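Got a structure for you, questions after.
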Amino acid sequence: VDKLHLLAGETALVLGCGITGILFGRLLKLQGASHVTITGTREGRLSLARRYGADEAINVRLQGQAERLEGRRFDVVVETVGSRESILAASRYCQSGGRVLLFGIPAGHRAEVDLMDAIWREVLFIPTGNAPQAWPRVAALVNAGLVELDPLVTCRLPFAQLPQAIATARERREECLKAVVEM
């Protein structure tokens, strides 16, 4: 989130309501975003995103929901899905002069963007990944109670059920946002 250089009062859109998207939404609110919208396809996760501070959570698969984004533009857009469609859509939802943070990793490690649109509207793309230099600050946010992790752990399995834990994570089951294997 630091790479976005968010200014107080800016609006943000997070594409994806997995654990990363939910946490990005929380951090954007902590950084001063005036309005955070999160999109996704799973109601349970969207509900959790609202509890974590998202002002708006849109299920893009429900009729009438995706239309709520039509014509809207945000100061910053965070792409966490990694699908080619989502990466392409990220700049479409970004204000002229805005920033797009690319966090999701596309299959085949390639995706398209409308380069001419980005040039004409001066949309800045910021690729990012794991940021080990940020971990001490992450720990401080958790220790201060500003980011709760317990609600994100929705599935706990003993080590003896490791194959089931891996299958659950791989299948991305609705009831399991983040699985923890307990030793």
Side-chain angles (χ1 to χ4, degrees), residues 1-106 111-129 131 134 137-138 140-142 144-148 151-152 177:
V1 171
D2 290 342
K3 291 181 178 186
L4 288 168
H5 301 289
L6 190 71
L7 301 173
E10 286 190 309
T11 59
L13 172 65
V14 178
L15 300 173
C17 65
I19 192 165
T20 304
I22 292 169
L23 287 171
F24 267 116
R26 179 73 180 139
L27 292 174
L28 287 161
K29 287 302 278 190
L30 290 173
Q31 292 275 343
S34 63
H35 188 90
V36 173
T37 300
I38 293 183
T39 66
T41 60
R42 299 178 183 193
E43 281 302 320
R45 294 177 181 202
L46 290 166
S47 176
L48 186 57
R50 286 184 203 97
R51 288 199 335 248
Y52 263 67
D55 299 291
E56 186 177 23
I58 298 173
N59 187 330
V60 294
R61 287 206 180 136
L62 292 181
Q63 185 175 3
Q65 292 280 303
E67 289 78 16
R68 290 168 53 187
L69 286 174
E70 289 305 313
R72 291 172 63 185
R73 298 263 171 103
F74 299 82
D75 298 300
V76 298
V77 177
V78 178
E79 198 290 322
T80 69
V81 178
S83 75
R84 291 172 187 240
E85 297 81 15
S86 183
I87 291 169
L88 185 59
S91 66
R92 185 174 66 236
Y93 293 123
C94 193
Q95 290 276 19
S96 293
R99 284 101 54 219
V100 174
L101 188 73
L102 298 170
F103 188 83
I105 299 171
E112 293 180 22
V113 296
D114 185 340
L115 194 54
M116 287 310 295
D117 178 63
I119 290 170
W120 289 118
R121 295 191 311 109
E122 295 186 346
V123 174
L124 177 64
F125 286 86
I126 306 165
T128 191
R137 289 186 45 226
V138 170
L141 288 169
V142 171
L146 295 170
V147 177
E148 266 188 276
L152 299 175
L177 178 61

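Keep in mind that what you see is a predicted model, and the values were worked out from it rather than measured.
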Between H35 and T37, is there a side-chain heavy-atom distance shorter than 4.5 Å?
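Sidechains of H35 and T37: in contact.
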Member of L62, L46, V60 meeting the side-chain contact (heavy atoms from CB on, under 4.5 Å) criterion with T41:
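For T41, the side-chain contact (heavy atoms from CB on, under 4.5 Å) check succeeds only for V60.
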Set out, in order, the CA-CA distance, both residues' side-chain angles and the distance that settles side chain to side chain contact (heavy atoms under 4.5 Å, CB included) for V113 and V100, then state yes or no.
CA-CA 11 Å; V113 296; V100 174; over 6 Å; no
Check whether any side-chain heavy atom of L69 lies under 4.5 Å from a side-chain heavy atom of L13, and answer yes or no.
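Yes, close enough: below the 4.5 Å cut-off.
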Spacing of R42 atom CZ and R61 atom CZ [to the nearest 0.5 Å]
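So the CZ of R42 and the CZ of R61 are separated by 8.0 Å.
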In Å, rounded to the nearest 0.5 Å, how long is the span from CZ of R68 to CD1 of I58?
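Answer rounded to 0.5 Å: 4.5 Å.
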About how many Å separate CD1 of I87 and CZ of F125, when rounded to the nearest 0.5 Å?
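The CZ atom of F125 sits 9.5 Å away from the CD1 atom of I87.
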Within the distance-only criterion (no hydrogens, no angle test), does the side chain of T128 pair as donor or acceptor with the backbone N or O of F103 below 3.5 angstrom?
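Here the side-chain-to-backbone pair does not exist.
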Restricting to non-hydrogen atoms, name the atom on S34 and the atom on T11 that form the minimum distance, rounded to 0.1 Å.
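Residues S34 and T11, closest heavy atoms: OG-CG2, 3.8 Å.
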What is the distance from atom CG of L124 to atom NZ of K3, rounded to the nearest 0.5 Å?
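Answer for the CG-NZ pair, L124 versus K3, is 11.5 Å.
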Should we say atom CD of E67 is surrounded by more than 12 heavy atoms from elsewhere, each under 6.0 Å from it?
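Buried by this count: over 12 neighbours within 6.0 Å.
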Ignoring hydrogens and angles, tell me if any N or O in the side chain of R99 forms a donor-acceptor pair with the backbone of I126 under 3.5 Å.
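It does not hold such a pair.
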With rounding to the nearest 0.5 Å, note down the distance linking OH in Y93 to CD in E79.
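Interatomic distance, Y93 OH to E79 CD, rounded to 0.5 Å: 12.0 Å.
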Apply the side-chain contact (heavy atoms from CB on, under 4.5 Å) test between F24 and each candidate in V1, I19, I38, L4; give the one that qualifies.
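It is V1; the other options fail the test.
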In sequence, state the C-alpha distance, the side-chain angles, and the governing distance for Q31 and D2, and then conclude on side chain to side chain contact (heavy atoms under 4.5 Å, CB included).
CA-CA 9 Å; Q31 292 275 343; D2 290 342; 3.4 Å; yes
Side-chain contact, heavy-atom cut-off 4.5 Å: V147 with L30?
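Yes; the side chains approach each other to less than 4.5 Å.
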CZ of R137: more than 12 outside heavy atoms within 6.0 angstrom?
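Count not over threshold, so no.
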Counting N and O atoms only, with roles assigned by atom type, does the side chain of R26 sit under 3.5 Å from a partner on the main chain of E148, one being a donor and the other an acceptor?
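Not a single qualifying donor-acceptor pair exists.
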Report the distance from atom CG of L27 to atom CD1 of I22, rounding to the nearest 0.5 Å.
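Reported to 0.5 Å precision, the distance equals 12.0 Å.
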Does any N or O in the side chain of R92 come within less than 3.5 Å of the main-chain N or O of L88, such that one atom is a donor and the other an acceptor?
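Flag not set: sc R92 to bb L88 has no pair under 3.5 Å.
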CD1/I105: more than 12 non-hydrogen atoms of other groups inside 6.0 Å:
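Incorrect, the count does not exceed 12.
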Contact summary for S91 and V123, nearest pair of heavy atoms:
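Minimum heavy-atom contact is CB-CG1, 4.4 Å.
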Does some side-chain heavy atom of V14 sit less than 4.5 Å from a side-chain heavy atom of F74?
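Answer no - side chains too far apart.
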Flag side-chain contact, heavy atom, 4.5 Å: V76 against L101
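Result no, sub-4.5 Å side-chain heavy-atom pair not found.
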Short side-chain to backbone donor-acceptor contact, T80 and L15, under 3.5 Å
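Confirmed, T80 side chain pairs with L15 backbone.
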Side-chain donor/acceptor of D55 to backbone N/O of V36, under 3.5 Å
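Flag set: sc D55 to bb V36 pair under 3.5 Å.
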